[in-house]
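Contents: one structure, followed by commentary.
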Amino acid sequence: LRARELALLAAVGRHEVKVFVPPHVSLLITGTELAQFDDLNIQPHQIRDSNTIMLESAVKDSGAILSKSVRVEDSLDETIQAIAASVRDEDPVILCSGGVSVGRHDHVKEAAREVGFKELFWKIRQKPGKPLFVGRLENRLLFGLPGNPVSAYMCFKNYVRPVLAELQGTCSHNHCLTAETTTQISNTGSRTNFVRVAVDKKPKEIARITEIAQQGSHMLSSIVHADGYIVLEPGEILGPHSLKEVFLF
């Protein structure tokens, strides 16, 4: 309820209205190899954990309530226990990061099934974010996001945030603009590609986009230095001066 709506309610004498309760989200970060971002003595086999702070912020920005954020070792038993605890907490959304691919340390899918979640789908023909897992248990949803940070962020933006918006009685609007390519941008792969781009917008001119050079799913610079992304289907080629819709971050 913003200033305009509040004024109208006051004008007609309504001092009580029904509202949606913000959804609570449990965040489970898997990965024995993860080190704290402020750890000064990181070991050669470790990587700094960027997904926790990123997803905590993304959940809060969506209007949801982060009920807890837990680190989980790469153990099937620990993963089962963590998911089961979130179910007992009655959080409608459980958000997992990592552990959804096909490696011997990936336990989220099996653990979710053990707890009672029914798989809705696993894997999407997109890049980045292919191994996304979604399961349902009664009125709860579990999202298993990829461990690579760019993949996790793109899956959150395109799949988790719209669900959190729906649970708040609203919808998640993508802010878009039409822009012109400056060089050729192509998708030679077999999956839909979310290509991150920088936008140059000058007054009274159509915006121009440039593809970010480093597009790897582990390269956070591709979302930090980008203003948004375009969606290219397999085999799609955009020549210079082509018009394309840009989904802004």
Side-chain angles (χ1 to χ4, degrees), residues 25 27-37 42 46-62 66 69 71-72 74 93 95-103 105-106 108-109 121-134 142-164 172 174-176 179 185-199 209-234 236 238 244-249:
V25 178
L27 178 59
L28 310 179
I29 305 294
T30 71
T32 304
E33 77 283 4
L34 297 177
Q36 288 290 110
F37 66 86
I42 189 169
Q46 293 181 305
I47 57 174
R48 288 189 175 87
D49 174 18
S50 58
N51 282 4
T52 296
I53 194 168
M54 177 180 71
L55 293 173
E56 286 178 349
S57 179
V59 168
K60 294 173 184 176
D61 287 346
S62 72
L66 182 68
S69 179
R71 283 279 302 276
V72 183
D74 287 326
V93 176
L95 194 57
C96 300
S97 168
V100 292
S101 194
V102 293
H105 298 300
D106 295 317
V108 167
K109 300 192 304 297
F121 62 87
W122 175 48
K123 293 185 179 179
I124 299 179
R125 194 178 296 171
Q126 70 176 40
K127 180 181 180 181
K130 176 182 176 181
L132 176 66
F133 171 82
V134 180
L142 182 146
F143 291 88
L145 304 182
N148 280 328
V150 176
S151 299
Y153 180 79
M154 297 300 290
C155 284
F156 183 92
K157 178 174 176 59
N158 285 283
Y159 302 101
V160 181
R161 183 160 184 144
V163 170
L164 295 178
S172 179
N174 277 318
H175 297 287
C176 306
I185 305 177
S186 59
N187 179 10
T188 59
S190 59
R191 290 180 279 160
T192 299
N193 197 354
F194 296 153
V195 180
R196 279 79 73 200
V197 296
V199 178
I209 54 174
T210 304
E211 180 179 1
I212 297 295
Q214 304 293 338
Q215 293 279 329
S217 61
H218 62 292
M219 296 177 176
L220 279 165
S221 59
S222 74
I223 53 177
V224 172
H225 296 157
D227 299 298
Y229 63 95
I230 60 175
V231 180
L232 291 188
E233 298 301 332
E236 185 175 357
L238 298 177
K244 191 69 174 178
E245 187 174 37
V246 182
F247 299 93
L248 301 175
F249 287 141

CD1 of Ile53: more than 12 outside heavy atoms within 6.0 angstrom?
-> no
Rounded to the nearest 0.5 Å, what separates atom [atom1] in [X] from atom [atom2] in [Y]?
{"X": "Ser57", "Y": "Tyr153", "atom1": "OG", "atom2": "OH", "answer": "9.0 Å"}
{"X": "Lys127", "Y": "Arg125", "atom1": "NZ", "atom2": "CZ", "answer": "15.0 Å"}
{"X": "Asp49", "Y": "Glu33", "atom1": "CG", "atom2": "CD", "answer": "9.0 Å"}
{"X": "Leu220", "Y": "His225", "atom1": "CG", "atom2": "NE2", "answer": "10.0 Å"}
{"X": "Leu164", "Y": "Asp61", "atom1": "CG", "atom2": "CG", "answer": "11.5 Å"}
{"X": "Lys130", "Y": "Ile124", "atom1": "NZ", "atom2": "CD1", "answer": "11.5 Å"}

Could you check whether any side-chain heavy atom of [X] comes within less than 4.5 Å of a side-chain heavy atom of [Y], counting everything from C-beta outward?
{"X": "Ser217", "Y": "Met154", "value": "no"}
{"X": "Tyr229", "Y": "Ile223", "value": "no"}
{"X": "Phe156", "Y": "Met54", "value": "no"}
{"X": "Tyr159", "Y": "Leu132", "value": "yes"}
{"X": "Leu28", "Y": "Ser97", "value": "no"}
{"X": "Arg71", "Y": "Leu34", "value": "yes"}

Those residues that, when tested against Ala198, pass side chain to side chain contact (heavy atoms under 4.5 Å, CB included) (two or more places apart) | Ile212, Asp227
Provide the closest heavy-atom pair for [X] versus [Y] in the form atom of the first, atom of the second, distance.
{"X": "Val231", "Y": "Phe247", "answer": "CG2-CE1, 3.8 Å"}
{"X": "Glu56", "Y": "Leu27", "answer": "CG-CD2, 3.7 Å"}
{"X": "Pro162", "Y": "Asn158", "answer": "CG-O, 3.6 Å"}
{"X": "Ala152", "Y": "Pro146", "answer": "CB-O, 3.4 Å"}
{"X": "Gln126", "Y": "Arg191", "answer": "O-NH1, 2.9 Å"}
{"X": "Ser222", "Y": "Val150", "answer": "OG-CG2, 3.7 Å"}

Please check if the side chain of [X] supplies one atom and the backbone of [Y] the other of a donor-acceptor pair under 3.5 Å.
{"X": "Trp122", "Y": "Val100", "result": "yes"}
{"X": "Gln215", "Y": "Arg196", "result": "yes"}
{"X": "Asp106", "Y": "Val108", "result": "no"}
{"X": "Asn51", "Y": "Gly147", "result": "yes"}
{"X": "Asn148", "Y": "Ser151", "result": "no"}
{"X": "Asn193", "Y": "Leu232", "result": "no"}
{"X": "Lys123", "Y": "Ser101", "result": "no"}

Step by step, would you call Leu66 with Lys60 a side-chain contact (heavy atoms from CB on, under 4.5 Å)?
-> CA-CA 7 Å; Leu66 182 68; Lys60 294 173 184 176; 4.1 Å; yes
Do Leu145 and Val160 pass the side-chain contact (heavy atoms from CB on, under 4.5 Å) test, and can you show the C-alpha distance, the side-chain angles, and the key distance before you say yes or no?
-> CA-CA 9 Å; Leu145 304 182; Val160 181; 4.1 Å; yes
In sequence, state the C-alpha distance, the side-chain angles, and the governing distance for Thr32 and His105, and then conclude on side-chain contact (heavy atoms from CB on, under 4.5 Å).
-> CA-CA 9 Å; Thr32 304; His105 298 300; over 6 Å; no
